[in-house]
Structures are given as C-alpha cells and as structure tokens.
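Chain letters run A, B, ... following the sequence lines, proteins first and then strands; every chain starts at 1.
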Number of protein chains: 2
Amino acid sequence: MSGPSGAERKPRADALRNRELLIEAAKAGFAETGPDVTLEEIARRASVGIGTLYRHFPTRDAIVEAVYRRELQQLAEAATRLQASLPAAEALRQWMGVFVDYIATKKIIASALGSIVGGASELYAASGVLINGAMSELVQGAVGAGEIRPDADPADLLRALVGFTYGATGPGWQASALRLIDILMDGLRPQVQRRG
Amino acid sequence: MSGPSGAERKPRADALRNRELLIEAAKAGFAETGPDVTLEEIARRASVGIGTLYRHFPTRDAIVEAVYRRELQQLAEAATRLQASLPAAEALRQWMGVFVDYIATKKIIASALGSIVGGASELYAASGVLINGAMSELVQGAVGAGEIRPDADPADLLRALVGFTYGATGPGWQASALRLIDILMDGLRPQVQRRG
DNA sequence: TTATATACGGAGGGTTCCTCCGTTTAGCAA
DNA sequence: TTGCTAAACGGAGGAACCCTCCGTATATAA
C-alpha cells in the first residue's frame with residue numbers, strides 16, 4: 001500500500017474507498033457516541049464488515065490516529081498563520097485559544113490527545129510531530145522576541161494546554177481553560193528580578 | 001447498610017470484612033496492573049466471588065471511588081497542615097507539589113481523577129468535596145493575604161493542577177508538572193497595573 | 001478474456017462484564 | 001442454646017465487544 005515500487009501493485013480502488021468510509025464513519029461515531037463507540041458500530045456506519053475494519057486498522061488506536069491526524073494538521077497550519085500576522089507572544093496566546101476552541105468543536109478524545117502529545121507511541125508519531133512542532137515554533141518565536149521567559153519549554157506548555165482541555169465535558173470547561181491560558185501567559189512574561 | 005435506623009439491621013461482619021478486602025485488593029490491582037485490571041482479578045485477589053464484588057460495588061467506577069476517597073482524604077489534610085505553617089501563597093505552591101508527588105506515588109487513575117474534580121457525577125461527590133475544598137481554602141487564604149490575584153478561581157486552578165498530572169506515564173512528567181506549577185504561581189501574582 | 005493477488009464479510013472463539021439463583025451463614029429473638 | 005430468617009455468598013451462564021481466520025468475491029494486470 002505504499003505505491004507502485006517495482007513488483008508491487010497499487011491499492012485496489014475498493015480498498016481505498018472503504019478505508020475512507022471507515023475514517024469518516026469513525027469520526028462521526030466518536031463525535032456522536034463518544035470514545036466508547038464500538039468498532040462494530042463504526043464498521044456498520046461505513047457499510048463494511050468487521051474484518052475489513054481490522055484489515056485497515058489493526059487496533060482501535062490506529063483508527064483514532066488516522067481520524068485525528070487530519071484534524072491536527074489544521075491546528076498546525078493555524079500556528080503558522082498566526083505567527084505571520086501577530087506579535088510573537090500574542091500569536092502563542094491566540095493559538096492556545098484556537099486549540100481550546102478546536103478541541104471543543106471536534107470533541108477530540110482525551111486519551112488520543114494525551115498519546116499524541118506524549119509521543120511515547122510510534123503510532124502517534126506523525127500527529128505528535130505536527131502539534132509539538134507548532135508549539136515549538138510559537139515558543140521559540142516568543143522567546144526570540146524577548147516576549148516570554150527564555151526557560152519556557154514547548155513540551156511543558158503543550159502538556160499544560162492539553163491538561164487545560166482535560167475533562168472537556170463539564171459545562172464551563174472552555175471558559176475555565178481560557179482563563180487558565182491567561183494566567184499561564186502572565187506567568188510566562190519575562191521575569192523582572194523576581195527570584196533569580 | 002446505613003447503620004441501625006429503626007427496623008434495619010447493622011451490616012454483617014463478614015460483609016464488612018469482604019468490602020474491606022475488595023478495596024485493598026482493588027488498590028493493589030490498580031497500582032500493580034494498571035487501570036485495566038479486570039474485576040475478576042480484583043475479586044480473585046480478595047478471595048471473594050465476582051457476585052460479591054458487584055454486590056458491594058455495582059460498577060467499576062464505584063470501586064475506583066471507594067479506593068481513592070481515602071487517598072484524597074490525606075491530600076486534603078496536607079492542605080490544612082501547610083496552611084497552618086507557611087505563608088498563604090507558599091502553602092498553595094507546596095500543596096500543589098505534594099499533589100503531584102502523591103499522584104506519582106499512588107498512581108491514581110487519570111479518568112477517576114478527572115471525574116472527582118469535574119464533579120458531574122454523584123458517585124464522586126464525596127471525593128470531590130474533599131479536594132475542591134482543600135483548593136478553595138488555600139486559594140481563599142492566599143487571596144485574603146493579598147498574595148495572589150483576587151480573580152483566581154479555585155476550580156480553575158484545580159483543573160489546571162489535574163491537567164498537569166495528565167498523561168502521568170512519560171519519563172519526565174513530574175518535573176514538567178513542577179515547572180508548570182512555578183509558571184502558574186508566577187501568573188497568579190497580584191497584577192501591577194498590567195492590562196486593567 | 002483469463003489468471004491471480006487483493007480484499008471482502010461474517011461465523012466463531014476468547015475475554016470481560018454482569019445477573020440471577022441455589023446455598024451458606026451471621027445475627028437476633030425466644 | 002436453639003431456631004428462624006434475612007443477609008450475603010459463589011459461580012454458572014448469557015450478553016457485549018473484540019479479534020481472527022477462511023471461503024468467496026472482485027479488481028487489476030497481462
């Protein structure tokens with residue numbers, strides 16, 4: 001399935017089509033039913049057999065990753081746009097707000113997000129690179145501009161940001177997350193002879 | 001099982017004993033095997049039948065809550081002690097550090113912690129009161145002493161703190177959480193005519 | 001058109017959760 | 001101490017979900 005290289009054939013059209021149906025079905029299933037939607041339900045929504053689902057995605061995590069890699073691509077692109085149009089620290093702040101809005105809108109599964117950011121799993125490496133890279137760019141820009149403290153670690157901040165979205169089910173979580181971003185940004189201001 | 005009130009009998013000694021065995025077995029099972037330890041395994045460890053486990057704890061969440069209510073009691077008590085011996089903002093900082101250490105040592109299950117703090121579920125109401133109460137006391141003390149900004153919301157800070165422990169499996173998560181607490185505390189300092 | 005590799009669907013088995021019912025046992029009253 | 005009965009027990013069996021394997025279908029290349 002990696003393209004025609006020598007003796008290999010290109011994937012059949014029906015397989016490509018079914019894979020796409022499964023990703024769309026999974027995306028809808030997670031959004032409507034939640035993280036515990038059964039794989040049988042996803043297969044049913046895609047009008048394919050359960051064996052087909054497993055053939056394309058050997059584990060539940062595999063289909064989760066496929067669904068969210070696309071979503072996270074858009075977040076990474078937002079970072080680039082914000083950086084091009086705003087002062088560095090303000091771009092960082094705005095991006096974090098976009099992140100929170102995005103999580104709220106797309107209802108990304110908490111455990112998947114943790115794995116994507118944690119980076120311990122090979123499966124989520126591609127998604128992890130996108131989102132970790134975006135945060136790194138933003139932080140480096142703000143540090144370079146002298147707008148946030150130089151000891152700010154992008155990985156720390158991404159963990160915090162993901163943590164602010166954690167439990168994204170309560171009624172006021174979004175407003176709470178945005179308030180926390182404000183406090184965090186205040187804490188990131190360059191220190192003026194505080195504690196050495 | 002709520003004590004002798006009128007015609008009701010007090011619980012039998014064997015039931016009380018088995019309930020205790022189940023809680024201890026669950027605690028050990030979560031710590032050794034992780035959040036996915038089977039209920040059959042917990043029953044086996046406690047040397048009781050699976051029906052007995054269900055009789056005492058109708059759902060997995062019920063036994064999780066019972067295990068962790070005790071753990072969280074100790075965290076709540078730590079807040080009281082720290083408040084009695086340290087300046088207000090320093091007590092808050094230290095308590096958050098103790099919280100992180102506690103999560104690391106006891107390996108509290110992330111989803112349970114989220115539910116305890118979120119407060120949406122009746123099941124976790126007792127545990128939630130403990131931990132939300134502790135944070136409220138600490139924040140009120142620090143606000144009253146003029147050591148942190150008056151708009152600091154205890155529920156926000158608790159969400160942040162829990163979020164910092166999220167994904168508490170990576171190699172450097174603990175140090176990262178402690179760094180984030182530092183940044184958060186910096187952000188909580190009373191504002192000096194910054195943004196109005 | 002033919003041959004063959006790719007891809008399919010779903011039956012069946014494994015695991016875990018959960019209930020129900022026959023049996024046991026603890027506690028209370030006489 | 002004895003008898004009664006409600007509380008509590010254990011585990012068999014069924015449901016739900018995950019996962020694999022194999023007979024069949026189908027897309028693609030020659």
Side-chain angles (χ1 to χ4, degrees), chain A residues 1-26 28-30 32-67 109 111-112 115 123, chain B residues 1-26 28-30 32-67 109 111-112 115 123:
Chain A
M1 267 199 216
S2 54
S5 53
E8 291 183 21
R9 292 212 286 201
K10 68 173 194 173
R12 280 169 38 172
D14 58 340
L16 290 176
R17 190 168 54 245
N18 283 337
R19 185 183 175 91
E20 194 61 29
L21 288 175
L22 280 165
I23 293 178
E24 290 305 316
F30 293 141
E32 286 170 35
T33 306
D36 300 322
V37 65
T38 65
L39 297 182
E40 305 258 6
E41 172 68 15
I42 292 173
R44 192 193 59 77
R45 281 173 175 262
S47 304
V48 302
I50 189 65
T52 299
L53 183 143
Y54 277 101
R55 209 160 7 257
H56 289 274
F57 303 103
T59 62
R60 176 181 284 270
D61 264 357
I63 198 166
V64 167
E65 196 274 338
V67 168
I109 293 167
S111 59
S115 298
L123 181 59
Chain B
M1 266 198 213
S2 55
S5 53
E8 292 185 19
R9 292 210 287 201
K10 69 173 189 175
R12 279 169 36 170
D14 59 339
L16 290 176
R17 189 169 54 247
N18 284 337
R19 186 183 175 90
E20 194 62 30
L21 288 175
L22 281 165
I23 293 177
E24 291 303 317
F30 293 143
E32 287 171 32
T33 306
D36 299 323
V37 64
T38 65
L39 299 182
E40 305 259 8
E41 172 68 15
I42 293 174
R44 191 193 60 76
R45 281 171 173 265
S47 305
V48 302
I50 190 65
T52 298
L53 183 143
Y54 277 100
R55 209 160 6 256
H56 289 274
F57 305 102
T59 62
R60 176 181 284 272
D61 264 358
I63 197 165
V64 168
E65 195 275 338
V67 168
I109 293 168
S111 60
S115 298
L123 182 59

Q: Taking the side chain of Ala15(B) as its heavy atoms from C-beta onward, which of dC9(D), dT19(C), dC8(C) lies nearest to it?
A: dC9(D)
Q: Given dC17(D), dT19(C), dG10(D), identify the nucleotide with an atom nearest to the side chain of Thr38(A).
A: dC17(D)
Q: Whether Asn18(A) contacts dC8(C) is assessed here as follows: a side-chain N or O lying under 4.0 Å from the phosphate OP1 or OP2. Is that the case?
A: yes
Q: Could you pick out which residue, Arg12(B) or Glu40(B), lies toward the 5' side of DNA chain D when each is mapped onto its nearest nucleotide?
A: Arg12(B)
Q: Could you tell me whether the phosphate oxygens of dC8(C), OP1 or OP2, come under 4.0 Å of any side-chain nitrogen or oxygen in Arg55(A)?
A: yes
Q: What's the closest nucleotide to the Arg60(A) side chain, out of dC17(C), dC8(C), dC18(D)?
A: dC18(D)
Q: Could you check whether Ile50(A) gets within reach of a base, just the sugar-phosphate, or nothing at all, counting any heavy atom under 4.0 Å?
A: base
Q: Which nucleotide, dA7(C), dT28(D), dG27(C), lies nearest any side-chain atom of Ala13(A)?
A: dT28(D)
Q: Let's see if you can work this out: which of dT19(C), dA29(D), dA26(C) has an atom nearest to the side-chain heavy atoms of Lys10(A)?
A: dA29(D)
Q: Quick one: CG on Leu53(A) to CD1 on Ile42(A), what's the gap to the nearest 0.5 Å?
A: 6.5 Å
Q: What I want to find out is whether Glu41(A) reaches Arg44(A) closely enough, with some N-O distance under 4.0 Å, to be called a salt bridge.
A: yes
Q: Which atoms form the tightest heavy-atom contact between His56(A) and Ala15(A), and what is the distance?
A: CE1-O, 3.3 Å
Q: Can you find a side chain N or O atom of His56(A) that sits less than 4.0 Å from OP1 or OP2 on dA7(C)?
A: no
